[in-house]
Structure formats: structure tokens, C-alpha cells
Amino acid sequence: MSNKSDRPALPPSVQRVVPVFRYAGWSSFWVQLVLAVVAGLIFLFCIPLAIPRGNAVNTANPGTGPGTFFAISGLVVLGISIYWSWRYTRVANQLQSANPNLRPKKADAMKLLRRGLLLNLVGMLLTLLGAEAINGTLLAKSFSSQGAFFTDPAAVSRLIQPLDIFLVLGNTHTIVAHFVGIATVLWLIEWVNKD
């Protein structure tokens, strides 16, 4: 019966990065997952309420239009980023293999990290485009609602409502989650490249 002491020792550079990949992967995975679930629930709650009923056209609602499309696209990319963070934990397991042929090479690990960085940058770009559109709509609403509340009771829909701010919050959660993914990748790249 063999035990861990019978295994050949891992090279020091591999021993150094295994716990970092594991810790960074799981930390990023859980933080991004929680933020994605919260943002997803916010969007599931807000978007159906923002869609106009009947023949009404609601162009002054941030829950409709390109802002929502980009925000949800950023959330979809965040789902892929969560999977990518989980892959970092699998790389940690592969690096512990006694067979050096089964361990990923440094170039392969760097390729995985670069793709993760690109993935989070694309997700953050989409989410920031969504934020720009949503905030632009809120600004337009704030200008069009000046004095409308007191003179026109039907103009209440032009006022900024809690639902509008809720959309901004959901989008902000997605941005923060992508930032966590970017910070994780940059940290891992730093550790992999340490001599």
C-alpha cells in the first residue's frame, strides 16, 4: 500500500502555485456565483415589470432596450467566467499529479489565464455598455420628470422609480463580479511568473 510519502516530490515552482490556483479559483468561483445569482434574481424580478403592457410603448424605462440587452449579455458572460474560475481549481489538481506528463505546462496555464482575462474584460465591457444605456435612460427620465408629478398625475411613469435603481444595482453586481474575475487572473499570472 502506497502513501503520499511514496510519491515523487513536486518541483518547488509547482508546489508554490498549487495552493494559489486552488484558493484563487474557489474564491473567485464563490464570489462571482453569489453576485451572479443576486444580479440574475434582480433582472428576473425587474425585467418583466419594466415591459409595457398592451399597446403602450415604454421608451423611458431602463428595463427595456439596449441597456438591458447588454446587462444580460454581461451576466451570461459572467456565467462562463464562473465556469472558468472552477477550471482554475482543476488545474491545481492536475498540477499535483505525480506523473509530470499529466501536469499542465506553464504555457498552457498562461493560455488558460489569458483567456480568462479576455473573457472577464469582454463581460465587463458588455456590462459597462449596459450601465451607460441604463444610466442615460435614468438621466432622461430625471429631466422629463421636472414638475411633471404635480401638474400631470399620469406622468408618474416618467419619474425615477425604485425599480429603475434596482436595475442599476443588478448591473453593478455584474460589474463587480467581472472585476473579481479580472483581479483573480492578474493575481494568478503574477504567481505563475514569479521566479
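For reference, positions follow the sequence shown, starting with 1. These figures come from a predicted structure and were not determined experimentally.
The side chain to side chain contact (heavy atoms under 4.5 Å, CB included) check on Val168 picks up Ile134, Asn135, Leu138, Thr172, with sequence neighbours excluded. His173 pairs by the side-chain hydrogen bond (donor to acceptor under 3.5 Å, both in side chains) definition with nothing, not counting sequence neighbours. Partners of Thr127 under the side-chain hydrogen bond (donor to acceptor under 3.5 Å, both in side chains) rule, at least two apart in sequence or in another chain, do not exist in this structure. With sequence neighbours excluded, the residues that form a side chain to side chain contact (heavy atoms under 4.5 Å, CB included) with Asn99 are Ser97, Asn101, Leu102. By the side-chain hydrogen bond (donor to acceptor under 3.5 Å, both in side chains) test, Asn93 pairs with Arg22, sequence neighbours left out. With sequence neighbours excluded, the residues satisfying side chain to side chain contact (heavy atoms under 4.5 Å, CB included) with Leu186 are Leu117, Ile182. Partners of Phe69 under the side chain to side chain contact (heavy atoms under 4.5 Å, CB included) rule, at least two apart in sequence or in another chain, are Ser73. In this structure Phe166 satisfies the ring pair (Phe, Tyr, Trp, His ring centres under 6.0 Å) test together with Phe45, sequence neighbours excluded.
Counting all heavy atoms, side chain and backbone alike, Val185 lies closest to Gly116 at CG2-C, 4.0 Å. Heavy-atom minimum distance, Ala131 versus Ile175: CB-CD1, 4.3 Å. For Pro104 against Val91, the heavy-atom pair with the smallest separation is CG-CG1, 4.1 Å. Considering all non-hydrogen atoms of both residues, Ala133 and Gly67 come closest at CB-CA, 3.4 Å. Minimum heavy-atom separation, Arg115 to Trp84: CB-CZ2, 3.7 Å.
Atom CD of Glu132 has 12 or fewer heavy atoms from other residues, nucleotides or ligands within 6.0 Å. Around CZ of Arg90, the count of heavy atoms belonging to other residues, nucleotides or ligands within 6.0 Å exceeds 12.
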Evaluation steps, side-chain contact (heavy atoms from CB on, under 4.5 Å), between Leu188 and Thr184: CA-CA 6 Å; Leu188 285 171; Thr184 300; 4.1 Å; yes
Please list, one pair per line, the donor and acceptor atoms closer than 3.5 Å that link side chains of residues 107-114 to other protein atoms, with sequence neighbours excluded.
none

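Between Phe43 and Thr174 there is a side-chain heavy-atom pair separated by less than 4.5 Å. Taking the side chain as every heavy atom from C-beta outward, Asn120 and Gln32 approach each other to under 4.5 Å. Proximity of Phe21 to Thr89: side-chain heavy atoms (C-beta onward) are nowhere separated by under 4.5 Å. When side chains are defined from C-beta on, His178 counts as touching Val77, because their heavy atoms get closer than 4.5 Å. Using a 4.5 Å cut-off on side-chain heavy atoms (C-beta onward), Asn193 and Lys106 make contact.
The line from CD1 of Ile80 to OG of Ser85 is 12.0 Å long, rounded to the nearest 0.5 Å. In this structure, Leu33 CG and Leu78 CG are separated by 8.5 Å, a value rounded to the nearest 0.5 Å. To the nearest 0.5 angstrom, Ser81 atom OG is 11.5 Å from Leu118 atom CG. One finds the OG1 atom of Thr68 at 6.0 Å from the CG atom of Leu167 (value rounded to the nearest 0.5 Å).
Formation of a donor-acceptor pair under 3.5 Å by the Arg16 side chain with backbone atoms of Lys194 is found in this model. Judged purely by atom type and a 3.5 angstrom limit, Ser28 has no side-chain atom pairing as donor or acceptor with the backbone of Ala24.
Aromatic ring pairs are classed by plane angle as parallel below 30°, tilted from 30° to 60° and perpendicular above 60°; the pair Trp30 and Trp26 is parallel.
Here Val176 is tied into one hydrophobic group with Val31, Leu35, Val180, each link being a pair of ILVMFWY side chains closer than 4.5 Å.
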